[in-house]
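Residue numbers start at 1 and run along the sequence shown. Just so you know, these numbers use all the heavy atoms, side chains as well, and skip hydrogens, waters and symmetry mates.
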Amino acid sequence: MKIRLVNAGVFTNIDDITQTITPPTEGFYWIDADEEDLMLIQPLFNLHDLAVEDCLSEEDQRPKIEIYESHYFIVVNSIRFDDEEIFLRALNIFLGRHFIITVTKQKINELRVLKPILWEQEVSEPDRFMYLLIDLVVDNYFTVGDRIEVRIEKLEEDILMHTKKSHLSEIIGLRSEILWLKKMLGPQKEVINTLNKKDLRLIDDQLQKYFSDIYENAVKISETFETYRDLMGNLREAYQSSIANRANEIMRVFTAITTIFMPLTVITGIYGMNFENIPEIHTRYGYYGVIGAMVTLGCGMLVVFRKKEWL
């Protein structure tokens with residue numbers, strides 16, 4: 001657990017957590033905690049039992065906002081994409097008059113990126129801290145969206161150039177990830193919309209208007225992933241068409257080969273019959289003549305097939 005006094009973007013480390021109970025003369029306290037720290041923090045700030053229970057739950061938490069008498073509890077999902085799988089990490093936020101508590105199960109990159117922004121903008125209010133943090137979380141969805149788009153384009157190119165069986169599993173896997181993410185974006189939009197429209201006494205009225213910009217970005221992200229879902233459907237159709245075309249190509253080649261060998265089979269069949277009086281059977285160079293005729297016939301049919309673009 002890290003405890004900091006934030007005043008005009010300047011951080012001052014605090015060793016004694018009991019000091020954070022009393023509001024500072026200037027600035028606010030930021031407590032960056034783990035799940036294990038909640039048992040110590042809860043009685044100090046009178047955090048609601050249900051909110052603490054949500055933080056400790058092993059199940060994935062849906063984005064939400066809970067309004068309590070002395071504080072708000074907000075859950076938003078940070079996103080990460082490692083080119084194989086999309087990960088959503090819950091960011092739990094307790095917002096009070098003179099404090100903000102962030103609780104995470106894994107490291108959240110946005111918390112690290114936020115520190116220089118706080119210093120640059122000389123932040124001294126916890127509600128503005130929360131606004132900047134949620135703004136970073138939402139903006140990161142655009143970055144991940146760009147990487148997913150590159151992945152889709154590369155997958156499309158690979159399918160068109162050389163289709164593999166593994167492409168189908170990639171398409172199904174990525175489409176499932178996008179559908180799951182699209183489902184989770186709905187509640188997150190509602191949380192941001194609530195921060196934008198609802199009368200919230202712990203958030204400054206002037207600052208609250210800025211959440212409308214974050215909400216618009218959240219809507220754009222949702223629409224973008226809706227487009228990605230449609231693109232994955234198109235990729236699956238392209239894969240199936242490519243497989244069908246390859247099967248047709250293979251059947252066409254096999255048909256052509258069979259057609260070429262059909263007259264050759266007739267010739268060899270005739271000379272394989274067990275009759276004594278067969279024309280040319282005693283011809284000295286008959287064997288070579290038949291072989292030559294078979295080769296000429298096969299090559300001639302191959303040339304004809306090429307001209308007609310059957311092969």
Side-chain angles (χ1 to χ4, degrees), residues 1-59 61 63-78 80 89-137 140 191 195 200-208 210-211:
M1 177 171 56
K2 296 181 180 179
I3 308 170
R4 306 176 181 92
L5 172 64
V6 183
N7 182 32
V10 178
F11 293 82
T12 303
N13 291 325
I14 304 296
D15 296 326
D16 185 7
I17 191 172
T18 58
Q19 180 180 336
T20 61
I21 300 175
T22 304
T25 305
E26 293 181 328
F28 65 96
Y29 293 111
W30 171 27
I31 302 175
D32 188 16
D34 297 326
E35 295 175 331
E36 296 79 7
D37 303 319
L38 282 174
M39 294 305 156
L40 175 62
I41 297 173
Q42 182 181 9
L44 296 177
F45 295 96
N46 195 27
L47 303 180
H48 199 280
D49 291 339
L50 292 177
V52 173
E53 183 180 339
D54 286 339
C55 291
L56 298 176
S57 174
E58 294 295 329
E59 298 180 359
Q61 292 297 315
K64 63 179 180 179
I65 178 171
E66 300 289 348
I67 310 298
Y68 300 113
E69 184 177 351
S70 62
H71 62 277
Y72 301 157
F73 176 61
I74 301 103
V75 181
V76 292
N77 283 325
S78 171
R80 186 171 68 86
R89 294 177 170 176
L91 173 57
N92 304 292
I93 303 171
F94 292 91
L95 176 68
R97 282 289 184 188
H98 71 280
F99 68 87
I100 188 165
I101 304 170
T102 54
V103 184
T104 59
K105 294 181 179 179
Q106 302 94 3
K107 291 187 179 298
I108 302 294
N109 187 57
E110 288 84 351
L111 289 174
R112 179 182 59 82
V113 176
L114 180 63
K115 294 176 184 178
I117 298 177
L118 297 175
W119 179 81
E120 181 182 347
Q121 298 194 16
E122 300 182 351
V123 174
S124 298
E125 303 83 18
D127 54 349
R128 185 165 182 82
F129 176 103
M130 186 183 71
Y131 162 75
L132 293 172
L133 178 57
I134 294 178
D135 188 37
L136 281 175
V137 168
N140 197 35
V191 169
L195 293 171
L200 302 172
R201 56 186 177 80
L202 294 182
I203 300 178
D204 184 81
D205 293 340
Q206 296 300 320
L207 178 64
Q208 194 169 6
Y210 286 90
F211 279 99

| said: Please find the pair of heavy atoms, one from C55 and one from L38, that lie closest to each other, and give the distance. | reply: CB-CD1, 3.5 Å

| message | Before we go on, tell me: are the rings of F99 and F45 under 6.0 Å apart, centre to centre? | response | yes

| Between the main-chain N or O of I21 and the side-chain N or O of H98, is there a donor-acceptor pair closer than 3.5 Å? | yes

| request: Could you tell me whether the side chain of R89 and the main chain of K107 form a donor-acceptor pair under 3.5 Å? | output: yes

| field | D204/E125 under side-chain contact (heavy atoms from CB on, under 4.5 Å): CA gap, chis, key distance, verdict | value | CA-CA 9 Å; D204 184 81; E125 303 83 18; over 6 Å; no

| query | With respect to T104, which candidate in L91, I93, N92 satisfies the side-chain contact (heavy atoms from CB on, under 4.5 Å) definition? | reply | L91

| request: Looking only at non-hydrogen atoms, find the nearest pair between G96 and L202 and report the distance. | output: CA-CD1, 4.2 Å

| query | How many angstroms lie between atom CG of D32 and atom OG1 of T102, to the nearest 0.5 angstrom? | reply | 3.5 Å

| OG1 of T20 to CD1 of I17: how many Å apart, nearest 0.5 Å? | 5.0 Å

| request: Using a 4.5 Å cut-off on heavy atoms from C-beta on, say whether the side chain of L136 contacts that of I117. | output: yes

| message | Quick check for you: to the nearest 0.5 Å, what is the distance between M39 atom CE and L47 atom CG? | response | 10.5 Å

| Checking S124 side chain against N7 main chain: does a donor-acceptor pair fall under 3.5 Å? | no

| request: Run the numbers on I203 and F211 for side-chain contact (heavy atoms from CB on, under 4.5 Å), then give the verdict. | output: CA-CA 11 Å; I203 300 178; F211 279 99; 4.2 Å; yes

| said: Between T22 (side chain only) and Q19 (backbone N and O only), is there a donor and an acceptor less than 3.5 Å apart? | reply: no

| request: Could you tell me the separation between the CG atom of L200 and the CG atom of D205, rounded to the nearest 0.5 Å? | output: 9.5 Å

| said: Please determine whether side-chain contact (heavy atoms from CB on, under 4.5 Å) holds for the pair N140 and V113, giving the CA-CA distance in whole Å, both sets of side-chain angles, and the decisive distance to 0.1 Å. | reply: CA-CA 11 Å; N140 197 35; V113 176; over 6 Å; no

| message | Determine whether a donor-acceptor pair (N or O, by modelled atom type, separation under 3.5 Å) exists between the side chain of Y131 and the backbone of L207. | response | no

| note | For V137 and S78, the nearest pair of non-hydrogen atoms, with its separation, is CG1-CA, 4.0 Å

| How far does CD1 of I74 sit from CE of M130, to the nearest 0.5 angstrom? | 4.5 Å

| said: More than 12 heavy atoms of other residues, nucleotides or ligands under 6.0 Å from CZ of F11: yes or no? | reply: yes

| message | Under the side-chain hydrogen bond (donor to acceptor under 3.5 Å, both in side chains) definition, can you give me all pairs with a residue in residues 34-45, not counting sequence neighbours? | response | Q42-D49

| query | Which distance, rounded to the nearest 0.5 Å, do you find between the CD of E110 and the CZ of R80? | reply | 11.0 Å

| query | How would you list all residue pairs meeting salt bridge (charged side-chain N to carboxylate O under 4.0 Å, His left out) that involve residues 4-29, not counting sequence neighbours? | reply | none

| More than 12 heavy atoms from other groups under 6.0 Å of NZ on K2 | no

| said: For a quick test of reading the model, state the closest non-hydrogen atom pair linking M1 to L40 and the distance between them. | reply: CE-CD2, 4.0 Å

| task | Heavy atoms only: give me the nearest N77-A90 pair and the separation to one decimal. | result | OD1-CA, 3.6 Å

| task | Using side-chain contact (heavy atoms from CB on, under 4.5 Å) as the criterion, point out the one residue from D127, V76, I134 that pairs with L195. | result | I134

| field | 4.5 Å side-chain heavy-atom contact, L50 and Y68 | value | yes

| Residue list, ring pair (Phe, Tyr, Trp, His ring centres under 6.0 Å) with F129, at least two apart or on another chain | F28, W30

